[in-house]
Amino acid sequence: MIKAVYDLLIQKSVQISATLLLFLSLFIFLQNDHPSVRKLQTDMADLLLPLKEPAIWFSRQVQASEENKDLTRRIIEMSTEYSRFSLLLEENRRLRAMLDFRERSPFTMIPGLVISSGLQHNLNGILINRGSADSVQINDPIVNVDGVVGKIHEVGIHSSIGQIIAEPNARISVAVRPSNARGILQWYGGNRFIIKGIPSTMAVEKKNLVVSSGFSDIYPPDLPVGVVEDTQAAPDGFTTTVYGRLIVDFNRLEEVFIVLRADDIPEISGARGAER
Amino acid sequence: MKTVQILITIIALFLLQFLFSSVLNILGIFPDIFLIFLAYLSLRVRPFWLIWIAFALGMLQDLAFNTALIGLSAVTKILFAWLLIKLSEYERSLNEIIYFSLVSILIAVFINLYDVLYFFGLAQEGLRYFTEYSMPRFLYTFVLFAVAHYFYPLVNRH
């Protein structure tokens with residue numbers, strides 16, 4: 001192999017020498033700063049430009065392809081980032097609303113995060129990251145910025161299980177504003193509720209707000225619970241059955257407040273036992 | 001042709017063109033005696049050496065007489081030597097006069113090539129330089145070549 005190359009070099013020594021020396025001379029020649037050289041360089045560039053264009057085009061295509069990949073990656077990153085910021089923005093909005101709610105509320109409340117939901121077979125519950133270490137007790141009401149969520153069912157040291165009002169076992173003493181008609185609210189499937197036994201003499205209309213009545217040792221008064229959507233006269237002819245929609249969206253429950261029972265919260269034992 | 005002879009001749013020609021330029025100068029025209037020398041060498045040295053001698057002579061000429069365009073003489077002389085090598089392959093099949101004429105044409109071409117490249121950036125003056133400089137320079141070189149050929153034939157077949 002080496003001998004073959006050597007033989008070729010010897011055989012073509014004239015051509016190789018001539019080519020090398022010619023290029024060397026041309027290289028030296030083109031280094032001169034002379035009008036002729038400059039003109040020659042520009043004319044050669046003009047001449048070679050059509051030949052260079054496909055190469056430049058191809059190079060740009062390769063570059064564009066690389067840029068495209070990079071930009072796609074960056075778009076994905078930005079999209080993820082945007083999504084994250086949107087979530088943070090929404091969270092920020094919620095937390096601000098909660099902070100505002102907490103400041104306006106006359107109750108002593110501690111914020112909690114809903115860690116999971118649907119914990120028990122016989123209970124539609126939520127797991128909250130607050131427990132007895134935070135002074136949480138059984139039957140403490142759980143609310144959020146929209147209204148009543150439920151109550152504490154079981155308490156751990158650093159977590160609690162809450163029973164939401166959107167479950168078959170839940171009951172809450174409520175009042176319909178502005179007529180102040182009182183009754184016991186029950187879950188009626190989905191996000192709906194039913195209130196039975198409201199006297200027919202009480203004016204209850206659609207879109208009336210339903211709030212906690214305060215006739216309870218669990219829920220303080222005037223906490224929003226739902227909105228009236230329909231009313232029907234009961235078969236007994238003396239009462240009205242009210243159907244409505246719960247205010248709290250239980251499918252999007254993330255942050256809640258636990259209302260700590262204070263000594264100055266009025267307790268009216270009349271409704272005690274009606275709520276479970 | 002022996003190496004010593006070649007070196008001595010190169011030095012002699014260089015000194016002639018460099019030191020005795022006033023002797024060769026006729027109305028500002030100088031012959032390119034290195035082209036004549038290369039034409040003679042093409043039939044007397046191996047092609048490999050002819051290329052290297054052409055390069056050396058060209059660079060020498062540029063460094064001594066034309067520092068503004070170093071490399072130009074080397075380029076033209078290498079090309080000239082290359083064509084002389086190709087032409088020498090037909091030397092035996094060509095008539096002596098025809099061969100001399102072809103070499104003369106090559107000399108004319110390369111004197112003009114040099115001037116074309118030299119005056120390339122001065123296109124407006126190119127034609128004037130061709131008539132007033134390039135053509136007289138070729139004629140001057142050709143006369144010297146013819147005289148040399150008369151006393152020392154380019155092709156020595158004896």
Side-chain angles (χ1 to χ4, degrees), chain A residues 1-70, chain B residues 34 38 41-43 45-89 110 112-126 129-130 133-134:
Chain A
M1 176 66 183
I2 296 169
K3 190 180 183 306
V5 173
Y6 178 76
D7 289 346
L8 186 71
L9 286 174
I10 295 296
Q11 195 181 346
K12 300 287 180 185
S13 60
V14 178
Q15 288 90 333
I16 292 167
S17 301
T19 309
L20 286 176
L21 292 174
L22 191 62
F23 276 105
L24 178 64
S25 307
L26 269 173
F27 176 76
I28 295 168
F29 171 61
L30 292 172
Q31 302 307 307
N32 294 297
D33 185 23
H34 188 273
S36 298
V37 175
R38 287 199 296 271
K39 178 94 170 42
L40 192 65
Q41 284 172 333
T42 52
D43 285 5
M44 278 172 71
D46 288 345
L47 196 70
L48 292 173
L49 190 62
L51 299 172
K52 276 186 177 179
E53 274 177 350
I56 292 167
W57 179 83
F58 181 74
S59 172
R60 281 183 181 165
Q61 289 298 312
V62 171
Q63 196 179 356
S65 175
E66 290 298 317
E67 278 180 2
N68 193 24
K69 282 179 191 168
D70 188 47
Chain B
F34 288 137
L38 284 173
L41 282 183
S42 67
L43 297 173
V45 296
R46 286 168 55 197
F48 176 81
W49 290 115
L50 185 70
I51 294 293
W52 279 94
I53 291 167
F55 172 72
L57 281 175
M59 289 306 291
L60 196 65
Q61 202 170 5
D62 284 328
L63 291 167
F65 305 110
N66 182 24
T67 50
L69 277 171
I70 294 171
L72 179 56
S73 292
V75 169
T76 54
K77 286 200 167 35
I78 290 167
L79 288 172
F80 178 67
W82 174 256
L83 288 175
L84 281 175
I85 290 164
K86 289 291 155 192
L87 189 63
S88 68
E89 291 172 6
F110 277 90
N112 281 287
L113 176 66
Y114 179 91
D115 289 342
V116 163
L117 289 171
Y118 190 90
F119 298 115
F120 195 63
L122 312 163
Q124 291 175 337
E125 300 184 29
Y129 274 100
F130 177 75
Y133 192 75
S134 299

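Side-chain atoms are counted along with the backbone in the values below, which use heavy atoms only and exclude waters and symmetry mates. In what follows, chains carry the letters A, B, and so on, assigned in the order in which the sequence lines appear, proteins first and then strands, with residues in each chain numbered from 1. In this text, all values refer to a predicted model and were calculated from it rather than measured experimentally.
Between atom CH2 of residue B:Trp82 and atom CG of residue A:Leu21 there is a gap of 12.0 Å, rounded to the nearest 0.5 Å. Here CD1 of B:Ile70 is found 8.5 Å from CD1 of A:Ile28. Values are rounded to the nearest 0.5 Å. With rounding to the nearest 0.5 angstrom, the CG atom of B:Leu79 is 5.0 Å from the CG atom of A:Leu22.
Counting non-hydrogen atoms of neighbouring residues, nucleotides and ligands closer than 6.0 angstrom, the CZ atom of B:Phe65 exceeds 12 such neighbours.
Looking at A:Leu30, neither its backbone nor its side chain comes within 4.5 Å of chain B, counting heavy atoms on both sides. Neither the backbone nor the side chain of A:Gln31 has a heavy atom closer than 4.5 Å to any heavy atom of chain B. Using a 4.5 Å cut-off between heavy atoms, B:Trp49 does not touch chain A at all. With a threshold of 4.5 angstrom between heavy atoms, B:Ser73 does not approach chain A through any atom at all. In this structure, chain A has no heavy atom under 4.5 Å from any part of B:Leu50.
Each of B:Thr67, B:Leu69, B:Leu72 was evaluated against A:Asn32; a single residue qualifies, B:Leu69, per the side chain to side chain contact (heavy atoms under 4.5 Å, CB included) test.
Nearest heavy atoms, A:Ser17 versus B:Phe48: OG-CE1, 2.9 Å. The minimum heavy-atom distance between A:Val14 and B:Ile51, with the atom names listed, is CG1-CG1, 4.1 Å. When all heavy atoms of B:Ile78 and A:Ala18 are compared, the pair lying nearest together is CG2-O, 3.9 Å.
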